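Just below is one structure, and these are the notes that go with it.
No experiment lies behind these values; they were computed from the predicted model shown. So that the names make sense, note that chain A is the first sequence line, chain B the second, and so on, each numbered from 1.
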Amino acid sequence: MNINSFQQDLITWFKAEKRDLPWRKDQDPYKVWVSEIMLQQTRVDTVIPYFQRFIEQFPTIQALSEADEEIVLKAWEGLGYYSRVRNLQSAVKEVHEKYEGKVPNNQKEISSLKGVGPYTAGAILSIAYGVPEPAVDGNVMRVLSRILSIWGDIAKPSTRKIFEEAVRQLISHDNPSYFNQALMELGALICTPTSPSCLLCPVREHCDAFNEGTQNELPVKTKNKKNRHVRIAAAVLTDKDGRILIHKRPNTGLLANLWEFLNVEVMLPFEHEKDQLKNAFKIDYDADVQIDEMIGQIEHIFSHLTWNINAYKGSIQSIEKETEELKFVTISEIEQYAFSVSHQKILKKYKESFT
DNA sequence: TACTCGTGGAG
DNA sequence: TCTCCAAGAGT
């Protein structure tokens with residue numbers, strides 16, 4: 001491997017072929033940061049509209065640090081992995097207060113921020129500040145596993161260190177930003193997971209896998225296991241004025257701090273499902289409710305589990321325990337609250353039940 | 001280390 | 001339909 005030649009071929013290709021993406025218009029560390037958080041495990045095409053709206057709504061560190069969390073979560077609604085945005089706002093507040101609103105430009109301080117792991121730290125340092133740090137994501141592991149013929153299982157966390165060390169050997173100190181971005185861009189456009197376009201690859205002459213014909217066997221990645229299924233019964237409950245009862249989920253775990261319709265995990269046979277719903281609301285909130293007809297059956301697939309939701313409509317006669325987590329809202333007010341996609345599906349079924 | 005944590009798109 | 005995924009981090 002001629003490292004200088006590799007760097008030059010890679011960066012020259014990137015300059016010519018890089019996509020015109022909204023977060024590439026400048027090197028504002030805040031915008032680089034937001035884009036890197038959004039792009040975690042999320043496709044570019046999905047992120048683009050979210051990024052544009054988010055930056056318009058929260059243009060600066062100060063704007064995001066002063067925003068209401070409800071508003072911030074609403075801006076993230078539908079993007080998934082919601083702890084990302086709560087960690088982001090928490091970290092932005094720390095930067096605002098502790099670093100005078102300036103994103104740290106060194107490994108130690110930036111890595112201490114919530115939600116900033118080894119990849120994101122390297123990405124911000126290299127792209128926004130030109131620091132020659134590795135930014136090893138799934139693209140980089142796939143690309144380098146082929147170029148360097150590395151057969152370690154990239155599904156194992158410990159394998160990432162091998163690639164970080166490889167990047168430290170290869171990275172251009174002249175242009176760390178373009179080098180890191182080019183590796184990722186190559187993975188996205190040319191060196192794809194299946195059927196890589198080796199004949200179009202600017203660095204194929206440096207690639208061990210291409211020379212040995214093993215590009216379809218790399219990277220090595222063990223399979224993930226099956227989802228478990230969870231039965232959920234949910235109810236859209238209205239009071240005598242037609243307002244809908246919604247519930248705020250706890251601040252940890254799945255879909256933390258998002259709003260939802262009242263629901264329970266069902267353990268009993270189907271014929272006892274409605275009774276279990278009614279009893280759960282009595283126990284949890286000392287509420288007397290009536291469950292009416294089913295409005296829809298919804299399958300919602302998460303990365304690690306599946307919800308099989310039976311959704312009902314019903315009414316609420318009385319409720320004794322008024323808590324912060326419970327709220328009555330009108331059908332028009334409901335859109336101000338951030339819901340998971342699964343409960344947006346329930347709302348859709350509810351609206352359709354009147355047509 | 002292995003598991004949790006979302007979503008919508010591609011093959 | 002089913003599987004795998006896409007610029008990972010927290011626990």
Side-chain angles (χ1 to χ4, degrees), chain A residues 14 18-19 21-24 31-51 73 76-88 90-91 110-124 126-128 134-144 153-161 163-164 167 177 180-189 191-196 219 221-228 230 249-258 260 299-307 338-345:
Chain A
F14 181 69
K18 66 185 165 76
R19 290 168 292 179
L21 301 171
W23 46 89
R24 286 179 175 165
K31 285 187 245 179
V32 172
W33 185 4
V34 170
S35 73
E36 292 302 341
I37 300 298
M38 284 190 173
L39 285 162
Q40 288 171 7
Q41 301 292 288
T42 311
R43 289 184 151 75
V44 166
D45 289 342
T46 301
V47 166
I48 289 173
Y50 279 92
F51 177 81
L73 260 182
W76 207 269
E77 183 184 55
L79 246 194
Y81 288 143
Y82 298 95
S83 66
R84 289 185 294 177
V85 75
R86 297 192 303 121
N87 287 337
L88 173 62
S90 171
I110 201 168
S111 296
S112 73
L113 298 170
K114 279 186 188 170
V116 179
Y119 163 75
T120 303
I124 297 172
S126 61
I127 297 172
V136 175
D137 69 339
N139 284 311
V140 172
M141 288 197 284
R142 181 174 61 258
V143 169
L144 289 185
D153 181 2
I154 66 169
K156 293 191 180 304
S158 58
T159 307
R160 199 196 70 252
K161 296 189 184 70
F163 291 94
E164 283 181 348
V167 172
S177 169
N180 279 341
Q181 291 187 75
L183 278 183
M184 292 187 277
E185 196 82 339
L186 191 68
L189 300 181
C191 196
T192 48
T194 58
S195 57
K221 187 177 186 183
T222 52
K223 295 184 173 77
N224 34 348
K225 59 175 193 177
K226 293 177 185 171
N227 299 6
R228 75 176 194 279
V230 175
R249 294 177 62 88
N251 65 3
T252 57
L254 184 65
L255 305 172
N257 282 7
L258 269 66
E260 64 184 5
E299 182 186 64
H300 188 77
I301 304 168
F302 297 92
S303 51
H304 59 299
L305 65 89
T306 298
W307 277 354
F339 280 71
S340 71
V341 170
S342 54
H343 281 255
Q344 292 175 44
K345 291 176 183 172

Report the residue from A/Thr46, A/Leu39, A/Val47 that forms a side chain to side chain contact (heavy atoms under 4.5 Å, CB included) with A/Arg43.
A/Thr46
Applying a 4.0 Å non-hydrogen cut-off, can you work out what A/Arg249 is touching in the nucleic acid: base, sugar-phosphate, or nothing?
nothing
Taking only the P atom of each, what is the distance from B/dT1 to C/dA6 in whole angstrom?
23 Å
With a non-hydrogen cut-off below 4.0 angstrom, is A/Gly253 in contact with a base, only sugar-phosphate, or nothing?
sugar-phosphate
Enumerate all atom pairs, one protein N or O and one N or O from nucleotides 1-4 of chain C, separated by less than 3.5 Å.
none

Residue list, salt bridge (Lys or Arg N to Asp or Glu O under 4.0 Å) with A/Lys345, at least two apart or on another chain
none
Please compare A/Tyr82 and A/Pro157 by the position of their nearest nucleotide in DNA chain B and report the one closer to 5'.
A/Pro157
Do A/Lys221 and A/Thr159 come within less than 4.5 Å of each other through their side chains, counting heavy atoms only?
no
Taken to the nearest whole Å, CG/A/Leu254 to C1'/C/dG10 is 15 Å
Work out how far the P atom of C/dC2 is from that of B/dC5, and round it to whole angstrom.
24 Å
Closer than 4.0 Å, any side-chain N/O of A/Thr120 to the OP1 or OP2 of C/dA9?
yes
How close or far is atom C1' of C/dG10 from atom CG of A/Asn251, stated in whole angstroms?
15 Å
Length of the CZ-P vector between A/Arg142 and C/dA6, whole Å
6 Å
Distance in angstrom units between A/Ile48 CD1 and C/dA6 P, rounded:
16 Å
Will you find, in the side chains of A/Gln40 and A/Thr120, an N or O donor that is under 3.5 Å from an N or O acceptor?
yes
Taking every non-hydrogen atom, the tightest pair across A/Met141 and A/Val136:
CG-CG1, 3.5 Å
Shortest non-hydrogen pair, A/Arg19 vs A/Ala188, comes out as NH2-CB, 3.6 Å
If you find the nucleotide of DNA chain C closest to A/Gln41 and the one closest to A/Phe302, which residue's nucleotide is nearer the 5' end?
A/Phe302
Please work out if A/Thr46 contacts a base, only the sugar-phosphate, or nothing of the nucleic acid, heavy-atom cut-off 4.0 Å.
nothing
Which part of the nucleic acid, if any, lies within contact of A/Leu255, taking any heavy atom under 4.0 Å across all strands shown: a base, the sugar-phosphate backbone alone, or nothing?
sugar-phosphate
What is the distance from CG of A/Asp45 to P of C/dA6, rounded to the nearest Å?
13 Å
Within the structure shown, what part of the strands sits under 4.0 Å from A/Trp307 by heavy-atom distance: base, sugar-phosphate, or nothing?
nothing
Nearest-nucleotide wise, let me know which of A/His304 and A/Lys156 is further upstream toward the 5' end of DNA chain B.
A/Lys156
Are A/Leu255 and A/Phe339 side-chain neighbours, meaning at least one heavy-atom pair lies under 4.5 Å?
no
Sugar-phosphate only, base, or nothing, as touched by A/Ser195 at under 4.0 Å among non-hydrogen atoms:
nothing
Relative to each other, are the rings of A/Trp307 and A/His300 parallel, tilted or perpendicular (30° and 60° limits)?
tilted
Students should find that the nucleotides of DNA chain B closing off the region near chain A, any atom under 4.0 angstrom from a heavy atom, are B/dT1 to B/dG8
Would you indicate whether the side-chain heavy atoms of A/Ser303 and A/Tyr81 approach each other to under 4.5 Å?
yes
What's the gap between B/dG6 and C/dT1 when it is taken at their P atoms, as a whole Å value?
26 Å
Rounded to whole angstroms, how far apart are OH on A/Tyr119 and C1' on C/dG8?
9 Å
Need one value for A/Ser35: base, sugar-phosphate or nothing, where a base atom within 4.0 Å counts as base even if backbone is also close, heavy atoms only.
nothing
Do the side chains of A/Glu185 and A/Lys18 get close enough for a salt bridge, i.e. N-O under 4.0 angstrom?
no
Rounded to whole angstroms, how far apart are CD1 on A/Ile154 and C1' on C/dA6?
12 Å
Under 4.0 angstrom, heavy atoms only, what part of the nucleic acid is A/Val47 near: base, sugar-phosphate, or nothing?
nothing
Do A/Tyr119 and A/Glu36 have side-chain heavy atoms sitting under 4.5 Å apart?
yes
Rounded distance (Å) that lies between atom P of C/dG10 and atom OH of A/Tyr81
14 Å
